[in-house]
Protein chains: 2
Amino acid sequence: MITVKNVTKVYQSGDIKVDALKNIDLSINDGEIVVLLGPSGSGKSTLLNILSGLDSIDQGEIVINDQEISSLNQVERTKFRRNNLGFIFQQYNLLPSLTVFENIEIGAQLSKNPYEIKEIMNLVGIEAHINKYPYQLSGGEQQRVSIARAIVKKPNILFCDEPTGALDEETSKEVLSLIQRLNKDLKTTIVLITHNPSIAEIADKVITLNSGEIVNIKNQIKK
Amino acid sequence: MITVKNVTKVYQSGDIKVDALKNIDLSINDGEIVVLLGPSGSGKSTLLNILSGLDSIDQGEIVINDQEISSLNQVERTKFRRNNLGFIFQQYNLLPSLTVFENIEIGAQLSKNPYEIKEIMNLVGIEAHINKYPYQLSGGEQQRVSIARAIVKKPNILFCDEPTGALDEETSKEVLSLIQRLNKDLKTTIVLITHNPSIAEIADKVITLNSGEIVNIKNQIKK
Ligand SMILES: Nc1ncnc2c1ncn2[C@@H]1O[C@H](COP(=O)(O)OP(=O)(O)OP(=O)(O)O)[C@@H](O)[C@H]1O
Ligand SMILES: Nc1ncnc2c1ncn2[C@@H]1O[C@H](COP(=O)(O)OP(=O)(O)OP(=O)(O)O)[C@@H](O)[C@H]1O
Ligand SMILES: [Mg+2]
Ligand SMILES: [Mg+2]
């Protein structure tokens, strides 16, 4: 269960001051698929980053599985994240000096019971690139390595920041059905950002952001 | 006019050998909008990179505006590209130590008659971020800075690698109509990669790739 109470996040740096999130209240139940929609710059990635403890908040409280992560320091938040959460980044964040296999292995090593690395690579169609370095991959191939790395550790909660942004329709469908299978088979909670409203069909709950605020929460029957 | 004759591109590095493009023949007329479609890994970015001289080829010939760019060395290709071509990269490639304004200014300085920087920023909706650094921007905001930087110099040919991948539907439409306006008003030749087939509607010609080969060329009436 994720609970967010009256959370505010301000980016401040020199003359730059951005109210990225204002008075956010929301809750996400175990095993739910939640989709975050909203225009570019509306605060989706920021919300994902503070939900997963990647970034800190200025006001309010965030509780995940009874752990108040907003009161942990950065080292404790990192430990919590490594043990419980999977993250597919909007810009992939692959380690450039490690091969595809090694990048995914890093994810697997954080788990007591990970998937087989080769099996996961097969599921996202990147087995042919096993020994390549990130710079030797296409945009969509890098994205799929990022996906494999997040999924292989069978996280309790999987955060996905535009996981199919660089993929063609075919490959997008395969990735989404893989995410749905994780949710169905392992009861993984999914929090997914997309700017593609058709992807929202797989969600139990669709949260729409605009200018740092939640403007709509829609409960629906997921497909 | 861009002419590609029997072009082959192989990536070779240690044990890695990838036939990224095989026997490519195509031509692009001045003022045309050409869209490249194809699955992830099919060779679209590679084709764009060799068309614009960003990368070299192993076999064949590429001629742009009567200049055989495939026979130029890297320094000469860079000079040709700076003077004639605009490029929107799949991963934006912004300079991290320059502000939004300075990143776009770099594009403007390469032209004798650039657009007003503030006007272009306004057109893609990023004027509020003028003094920020790339790391202080959302994914879609970074993409729009990359677009502004390419367009501001009024290039003869504009290469776009998934220019709307990180953008919501609204902002995507604005970017695409901006690209169409460049084509209509300045007769800019547009070569655009997308994995979104609906974007292909704006094209005079749609070229489909699969596994490094052209599998279809469709001429159509552009919208
Ligand atoms: N430097 C490199 N070394 C080896 N292989 C490479 C290199 N760069 C690209 N490739 C491979 O060449 C193929 C084509 O890559 P390219 O980036 O052109 O694909 P793409 O069609 O743009 O894909 P996407 O839609 O995922 O961006 C891919 O299989 C990729 O793994
Ligand atoms: N480090 C930072 N400093 C200042 N402003 C920031 C910083 N990071 C993000 N922002 C701003 O906060 C706002 C929200 O950013 P965020 O990345 O959450 O948007 P988003 O909804 O994910 O957008 P996109 O769909 O383009 O990825 C944006 O206006 C952005 O410019
Ligand atoms: Mg984002
Ligand atoms: Mg590509």
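Computed from a predicted model, the values in this text were never measured in an experiment.
Across B:P134 and B:L98, no two heavy atoms sit closer than the pair CD-O, 3.3 Å. Among all heavy-atom pairs drawn from B:L51 and B:I64, the shortest one is O-CD1, 3.0 Å.
When side chains are defined from C-beta on, A:L95 counts as touching A:I106, because their heavy atoms get closer than 4.5 Å. Counting heavy atoms from C-beta on, the side chains of B:I202 and B:L176 come closer than 4.5 Å. Within the 4.5 Å cutoff, the side chain of B:V215 has no heavy atoms near those of the B:L209 side chain.
Under the side chain to side chain contact (heavy atoms under 4.5 Å, CB included) criterion, B:A150 pairs with B:I88, B:L158, not counting sequence neighbours.
Chain B forms the most heavy-atom pairs under 4.5 Å with one residue out of A:G139, A:G43, A:A128, and that residue is A:G139.
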Present all donor-acceptor pairs from chain B to chain A with distances below 3.5 Å, rounded to 0.1 Å.
| unit_1 | atom_1 | unit_2 | atom_2 | d |
| --- | --- | --- | --- | --- |
| B:S13 | OG | A:Q136 | NE2 | 3.3 |
| B:S40 | N | A:D168 | OD1 | 2.7 |
| B:S40 | OG | A:R144 | NH2 | 2.7 |
| B:Q136 | NE2 | A:S13 | OG | 3.3 |
| B:R144 | NH2 | A:S40 | OG | 2.7 |
| B:G165 | O | A:H195 | NE2 | 3.2 |
| B:L167 | O | A:H195 | NE2 | 3.1 |
| B:D168 | OD1 | A:S40 | N | 2.7 |
| B:H195 | NE2 | A:G165 | O | 3.2 |
| B:H195 | NE2 | A:L167 | O | 3.1 |

